[in-house]
Amino acid sequence: MLVPSSIDLSSRTLRHLTRQLAAHRRETGTRWRRLPVGRQALLALAHLRCGDTCAQLAAGFEIGIATVYRYVREAVEVLAAQVQTLAEAMTTVRTKAYVILDGTLLPIDRIAADTPYCSGKHKRHGMNVQVITDPFGRLLWASAALPGSTHDLTAAREHGIIEALATAGLKWWADKAYQGAGRHVRVPFRGRRLKRWKRRHNSTHAKIRCLGEQAMAVLKSWRLLRKLRCSTNRITNIVKAVVVLHHAST
């Protein structure tokens, strides 16, 4: 039987999900379930945090695989409904001196024929997610997932991130993939034979931008996101659920 100590999350995270699921059950008028709400929350966290499969969870919780799938999907949808929109997140973003924007690729199990999901930059299949962090590398917001072949600048424009940050008048740091995003973006100089002052600029820029990698590490600490084997249509909700749980625990 799976126990809470096997999941490296605070009890605050478990309590938050338990409360949300309990409220959802009351709203839907659920009368009986194979698992009490606290066990369902634990099951969902084991899947998201540890990457346990439905078969492993079914054996651990002594329920059917189909029941595990329904419980996990329900928990993910309940959490995803709570995530902040970009417009709502901008309330927090505007209080920062500047922000860091970066894109990450969430690996998926797709074959070579699935061209839209193949990232030329990473040479693998995945989903593109844009992430906004504060100057200390704390995760503020994450976008919906797009096919891995989507360029970072294209993804940022499609999500409305470029327009939102420009409207807010914020300076933001990003890598070379965002060149051409506008005057508010700070990107490094390109080229091999750069002048000394440009090399110093790039060095300082890298020290600032590397803090954004902490947010990527936060996402990847949820082991399910290291290798997604579900439908690509579900990945956006999974990312949203993870972001909500992360903010609930901090």
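Model, not experiment: these values are computed from the prediction.
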Colleague: Pick one: which of D102, L139, V243 meets side-chain contact (heavy atoms from CB on, under 4.5 Å) with V131?
Modeller: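 Of the listed residues D102, L139, V243, the side-chain contact (heavy atoms from CB on, under 4.5 Å) partner of V131 is L139.
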Colleague: Taking L45 as the starting point, is it possible to reach V68 by hopping between hydrophobic residues whose side chains are less than 4.5 Å apart?
Modeller: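 Yes, because V68 and L45 connect within a single hydrophobic cluster, where side-chain heavy atoms sit under 4.5 Å apart.
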Colleague: Using the side-chain contact (heavy atoms from CB on, under 4.5 Å) rule, pick out the option among I65, D52, I63, T67 that qualifies with L57.
Modeller: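 Checked I65, D52, I63, T67 against L57; only one passes side-chain contact (heavy atoms from CB on, under 4.5 Å): D52.
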Colleague: Going from CZ on R209 to CG on L211, what distance comes out if it is rounded to the nearest 0.5 angstrom?
Modeller: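 These two atoms lie 10.5 Å from each other.
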Colleague: May I ask whether V242 and L21 are part of the same hydrophobic cluster, defined by side-chain heavy atoms of I, L, V, M, F, W, Y residues being less than 4.5 angstrom apart, directly or through others?
Modeller: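 Yes, because V242 and L21 connect within a single hydrophobic cluster, where side-chain heavy atoms sit under 4.5 Å apart.
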Colleague: Are I7 and V72 joined in one hydrophobic group, where the rule is that I, L, V, M, F, W and Y side chains link up if heavy atoms are under 4.5 Å apart?
Modeller: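 They do share one cluster, since a chain of ILVMFWY contacts under 4.5 Å joins I7 to V72.
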Colleague: Checking side chain to side chain contact (heavy atoms under 4.5 Å, CB included) for the pair M216/V218: CA distance, chi angles, key distance, verdict?
Modeller: CA-CA 5 Å; M216 305 304 181; V218 165; over 6 Å; no
Colleague: Without swapping roles, check the side chain of N128 against the backbone of T150 for a donor-acceptor pair under 3.5 Å.
Modeller: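 Answer holds: yes.
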Colleague: May I ask you to test the K220-T104 pair for a side-chain heavy-atom distance under 4.5 Å?
Modeller: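 Yes; the side chains approach each other to less than 4.5 Å.
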Colleague: Could you check if a side-chain atom of E88 sits within less than 4.5 angstrom of a side-chain atom of V83, using non-hydrogen atoms only?
Modeller: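 SC-SC contact between E88 and V83 ruled out.
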Colleague: Could you work out, with side-chain hydrogen bond (donor to acceptor under 3.5 Å, both in side chains) as the rule, every residue matching Q82, not counting sequence neighbours?
Modeller: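 side-chain hydrogen bond (donor to acceptor under 3.5 Å, both in side chains) check on Q82 returns H16, Q20.
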Colleague: Would you call R33-E74 a salt bridge at under 4.0 Å N-O?
Modeller: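 A salt bridge links R33 with E74.
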Colleague: If only atom types and distance count, is the side chain of S143 paired as donor or acceptor with the main-chain N or O of V129 below 3.5 Å?
Modeller: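 Side chain of S143 to backbone of V129: no pair is present.
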Colleague: If you round to the nearest 0.5 Å, how far is CD1 of I100 from NZ of K171?
Modeller: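 Atom-to-atom, K171:NZ and I100:CD1 are 15.0 Å apart.
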Colleague: Taking V76 as the starting point, is it possible to reach F61 by hopping between hydrophobic residues whose side chains are less than 4.5 Å apart?
Modeller: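 F61 and V76: one cluster.
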Colleague: I want to check something: taking the side chain as every heavy atom from C-beta on, are L146 and H159 in contact at a cut-off of under 4.5 Å?
Modeller: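 A side-chain contact under 4.5 Å exists here.
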Colleague: Looking at N202 and L194, what are the two nearest heavy atoms and their distance?
Modeller: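 Here N202 and L194 meet closest at ND2-CD1, 3.4 Å.
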Colleague: Could you check, using the six-membered ring where one of them is a Trp, whether W197 and F189 have ring centers closer than 6.0 angstrom?
Modeller: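 Close enough - the centres of the two rings lie under 6.0 Å apart.
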Colleague: Do the side chain of R186 and the main chain of R183 share a donor and acceptor less than 3.5 angstrom apart?
Modeller: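 Yes, R186 side chain to R183 backbone: donor-acceptor pair under 3.5 Å.
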Colleague: Heavy-atom distance under 4.5 Å between the side chains of D134 and V99, does that happen here?
Modeller: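 D134 does not reach V99 side chain to side chain.
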Colleague: CD/Q84 to CG/L140 distance, rounded to the nearest 0.5 angstrom?
Modeller: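 Between atom CD of Q84 and atom CG of L140 there are 9.0 Å.
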Colleague: Looking at D8 and R49, is any side-chain nitrogen of the basic one under 4.0 Å from a carboxylate oxygen of the acidic one?
Modeller: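 Counted as a salt bridge, because a side-chain N and a carboxylate O are separated by less than 4.0 Å.
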Colleague: Decide side-chain hydrogen bond (donor to acceptor under 3.5 Å, both in side chains) for R15 and S11; before the verdict, give the C-alpha distance in whole Å, the side-chain angles of both, and the deciding distance to 0.1 Å.
Modeller: CA-CA 6 Å; R15 289 195 300 270; S11 57; 3.0 Å; yes
Colleague: Report the distance from atom CG of N237 to atom CG of L79, rounding to the nearest 0.5 Å.
Modeller: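 Reported value, rounded in 0.5 Å steps: 10.0 Å.
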Colleague: Report the residues that fulfil salt bridge (charged side-chain N to carboxylate O under 4.0 Å, His left out) with R34, sequence neighbours left out, ordered by chain and then residue number.
Modeller: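 Checked R34 against salt bridge (charged side-chain N to carboxylate O under 4.0 Å, His left out); zero matches.
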Colleague: Look only at the side chain of H125 and the backbone of P147, and say whether a donor-acceptor pair between them is shorter than 3.5 Å.
Modeller: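 No; judged by distance alone, with no hydrogens or angles, the pair does not exist.
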Colleague: Indicate whether the side chain of R25 and that of Q40 have a donor and an acceptor atom separated by less than 3.5 Å.
Modeller: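 Judged by distance alone, the side chains do pair up.
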Colleague: When rounded to the nearest 0.5 angstrom, what is the spacing between SG in C230 and CD1 in I108?
Modeller: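 One finds 9.0 Å between SG of C230 and CD1 of I108.
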Colleague: Report the residues that fulfil salt bridge (charged side-chain N to carboxylate O under 4.0 Å, His left out) with D152, sequence neighbours left out, ordered by chain and then residue number.
Modeller: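 Scan of D152 (salt bridge (charged side-chain N to carboxylate O under 4.0 Å, His left out), adjacent residues dropped) gives none.
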Colleague: Would E77 and R73 pass as an ion pair if we require N to O under 4.0 Å?
Modeller: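 Yes.
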Colleague: Between T167 (side chain only) and E163 (backbone N and O only), is there a donor and an acceptor less than 3.5 Å apart?
Modeller: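 Side chain of T167 to backbone of E163: a pair is present.
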Colleague: Kindly indicate whether the side chain of Y98, heavy atoms from C-beta on, has any atom under 4.5 Å from the side chain of I208.
Modeller: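 Y98 vs I208: side chains touch.
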Colleague: May I ask you to test the P135-K96 pair for a side-chain heavy-atom distance under 4.5 Å?
Modeller: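 Counting from C-beta outward, P135 and K96 do come under 4.5 Å.
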Colleague: Same cluster or not: Y71 versus I238, using hydrophobic residues (I, L, V, M, F, W, Y) connected whenever any side-chain heavy atoms lie under 4.5 Å apart?
Modeller: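 Yes; tracing contacts between hydrophobic side chains, which count when under 4.5 Å, links both residues.
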Colleague: How about W172 and V93: do any of their side-chain heavy atoms sit closer than 4.5 Å?
Modeller: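 A side-chain contact under 4.5 Å is absent here.
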Colleague: Do L86 and I132 have side chains that get closer than 4.5 Å, going by heavy atoms?
Modeller: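 Of all side-chain heavy-atom pairs linking I132 with L86, at least one is under 4.5 Å.
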Colleague: Nearest 0.5 Å please: distance from the CD1 atom of I162 over to the CG atom of L153.
Modeller: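 Reported value, rounded in 0.5 Å steps: 5.5 Å.
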